[in-house]
Amino acid sequence: MRFSELLITTLREDPADAEVPSHRLLARAGFVFKTASGIYTYSPLMWRCLKKISQIVREEIDRGGGQEMMMPILQPKELWKSSGRWDRYVTDGIMFALQDRRATDLCLGPTHEEVVTAFADAMISSYKQLPVNLYQIQDKFRDEIRPRFGIMRGREFIMMDAYSFDEAQEGLDISYEKMAAAYRRIFARCGLEFSAVQADAGAIGGSGSEEFMVLADTGEDAIITCAGCGYAANVEKAESAIELVDAGEPLEAEEHATPDVRTVEQLVEFFDMPASRMAKTVLYQAVHAESEEFVAVLMRGDLDINEVKLCNAVDCLAVKMADEEQVKALTSAELGFAGPNGLPEKVKLFADRSLEKQSNLLTGCNKSGFHKLNVNLGRDCPDPEFHDLRMAKAGEACPDCSAALTETRGIEVGHIFKLGTKYSKAMEATFMGRDGKPTPFTMGCYGIGVSRTAAAAVEQNHDARGIIWPAPIAPFEVVVAIVDVKREAQVSLAGEIYESLLEAGIDACLDDRKMSPGSKFKDLELLGFPLQVTVGRKADDRVVEFIQRKAGDKEEVAAEDALPRCLSFLRP
RNA sequence: CGGGCUGUAGCGAAGCCUGGUAACGCGCCUGCUUUGGGAGCAGGAGAUCCCCGGUUCGAAUCCGGGCAGCCCGACCA
């Protein structure tokens, strides 16, 4: 491809609305153009990157036993009713819902479990046809609460979604492992530094779940990792070991006047007692499909509540902290004096495991201006239900090997789930089992954000001058740059090298644009091709420059050496 | 949806407080010169100043109401 025939438009300055490096650089280099909030147009160069990522995904999912197909974007409400997800997705506002001219409800597919499950139900009638793994690479639509960071979190985005169908759990375990392995190959081939972490299954549901994270400081997710044994989990899921507090034999509870002492910090000072001896009581509103309830959560004073864990423990759709009015109504006290004793009976009591054996706690007592010493759970208040509800933190001990945990940040580019029979049962999607009985499919689902992967690659690979594409997903592997297109020697030598690269199977391009050398060099650095062969003033002597974008090395080589140098870099 | 902020040419951006019909830089077009780190000179095109209403002789500017976008929090690939 000759650049004189390619639409490339770069910006001298950063667009005002771009914040993170990937968004800034992709917009400035003209790879993406915002059509509306969270909706982007991909330029010809960007599309080349996306096609390369897709192709890597395709090849590796195929190797893992996947079969590519294509599902509809436009989906009927009744399908989503059949899985029970319509109401939740519509009331949560995740889904773009619309009506056709006959007022039939439809949506733009945010994901395709329903479509594929209905398809499998129709097409698969016997266990003899299993296992099957179906996938597609397609646009997805989600009405994100807050689109952000350019194509990192868009409302329309490209996603690979695969769905496995097995007879039973054992088969699913195998299908899942195949996908996990394929995912590792995919991100490794894309040239990304990534980590597979344990994850919460969230709205999609199911048992096992791992996320694939591209490590980057600007990542939206926090990851807890252990250098000792390799344990890695999303903070939403992460566990850790902490030291329990021994507060001795249970003593008699005492109520103390604590005027205006409301926070843990204030209590530490007032009682001269470590926060770990206290239990804070936080009231939450738990949202269920058809109802809502209040729950109280007891957490040791020096630790934080993990709301994802809480949501799972309560087994509800969402939790939100009660507001001031609700707290006052439930505790009949001002904010800051909530306690486990004397709450309305309907308020279910949950507690973190850190408090399971701990005696003599300092808590609120639902009375303005008072706290209680030596509270013992079960004795001074109803027995709470104990769960791990705690946010793991860096510095705490690994749950597996007790080395110290560290926290890093990552961009979620892939997520795999063991769904089990959640959708097949809801939708009555069955096959004839070996025992002659209709059996629901045991399913897994596997997603990769293709467009997000491109953004993550930039996030992880850039410098002050611009993008540094990993070679496997770069729009071109090599750019042959002509410094002065008016000099015949340069044009012909560059053409010669360009042709030789193409013949060798290298994805090369020729920058034959008429522009001053300085701006051409700057422009190419911004665009981020991994290799550059510059044909300039020494063209007459058949000497060119070989430049590695990442290392910044610039080296004069004989024209004949350009091809072998490119080959040894790209195909070692 | 809550909190902070912004909307002026393709991009960046001044002017707004203190009303008088819109500056500058980049980019674009023409010509000449220039050609190894975002070139120089000369000429030129390009703006319903987000929209609607109000105040006023007069509104980018003041007032009211919309809409759109960005950033911080809850959703997710």
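Quick note: numbers below take in every heavy atom, side chains included, and nothing from hydrogens, waters or symmetry partners. What you see is a predicted model, and the numbers here were worked out from it, not measured in a lab. Note on naming: letters A, B, ... go to the chains in the order of the sequence lines (proteins, then strands), and numbering restarts at 1 for each one.
- Side-chain N/O atoms of Lys520(A) and base N/O atoms of U35(B) include no donor-acceptor pair closer than 3.5 Å.
- Using a 4.0 Å heavy-atom criterion, one finds that Gly30(A) contacts no nucleic acid atom at all.
- Within the 4.0 Å cut-off from OP1 or OP2 of G73(B), at least one side-chain nitrogen or oxygen of Arg148(A) is found.
- Arg146(A) comes within 4.0 angstrom of a base, heavy atoms only.
- A9(B) and C24(B) have their P atoms separated by 15 Å, given to the nearest Å.
- G38(B): no Watson-Crick or G-U partner with both key distances under 3.5 Å is found in any strand.
- Pair assignment for C1(B) gives G73(B), based on Watson-Crick or G-U wobble hydrogen-bonding distances that are each under 3.5 Å.
- The residue Glu545(A) sits close to a base: some heavy atom pair falls under 4.0 Å.
- To the nearest whole angstrom, the two C1' atoms, one in G7(B) and one in C51(B), are 11 Å apart.
- Taking atom P on both nucleotides, U18(B) is separated from G64(B) by 15 Å, rounded to a whole Å.
- Which of C11(B), A77(B), G36(B) sits closest to the side chain of Val483(A) comes down to G36(B).
- Note on Gly414(A): only backbone sugar-phosphate atoms sit closer than 4.0 angstrom, heavy atoms only; bases stay farther off.
- Pair assignment for G10(B) gives C26(B), based on Watson-Crick or G-U wobble hydrogen-bonding distances that are each under 3.5 Å.
- Listed nucleotides: C75(B), A74(B), G38(B). Nearest to the side chain of Ile94(A): C75(B).
- With Phe31(A) as the fixed residue, the ring pair (Phe, Tyr, Trp, His ring centres under 6.0 Å) test singles out one of Trp47(A), Tyr40(A), Trp469(A), Tyr42(A): Trp469(A).
- Among the heavy atoms of the strands lying under 4.0 Å from Lys34(A) are primed sugar atoms or P, OP1, OP2 only; no base atom is included.
- A60(B): no Watson-Crick or G-U partner with both key distances under 3.5 Å is found in any strand.
- At the heavy-atom level, Met152(A) lies under 4.0 Å from base atoms of the strands shown.
- Of the N and O atoms on the side chains of Ser209(A) and His415(A), at least one donor lies less than 3.5 Å from an acceptor on the other residue.
- Side-chain atoms of Arg153(A) and base atoms of C76(B) include a donor and an acceptor less than 3.5 Å apart.
- In the set G69(B), U35(B), G38(B), G38(B) carries the atom at the smallest distance from any side-chain atom of Arg12(A).
- Arg85(A) and Tyr423(A) share a donor-acceptor pair across their side chains, judged by distance under 3.5 Å alone.
- Nucleotides G46(B) and A39(B) have their P atoms positioned 26 Å apart, rounded to a whole Å.
- For G37(B), the base has a donor-acceptor partner in the side chain of Lys554(A) [N/O atoms by modelled type, under 3.5 angstrom].
- At a threshold of 4.0 angstrom between heavy atoms, the contacts of Asn234(A) with the nucleic acid are absent.
- Counting only N and O atoms by type, the side chains of Glu236(A) and Asn306(A) include no donor and acceptor under 3.5 Å apart.
- By the 6.0 Å and 45° rule, Arg142(A) does not stack over the aromatic ring of Phe157(A).
- In this structure, Phe119(A) and Met69(A) have side chains that are in contact, with non-hydrogen atoms separated by less than 4.5 Å.
- Taking atom C1' in both U48(B) and A59(B), the straight-line distance is 15 Å, to the nearest Å.
- Using a 4.0 Å heavy-atom cutoff across all strands shown, Glu525(A) reaches at least one base atom of the nucleic acid.
- Side-chain N/O atoms of Ser519(A) include none lying less than 4.0 angstrom from OP1 or OP2 on G38(B).
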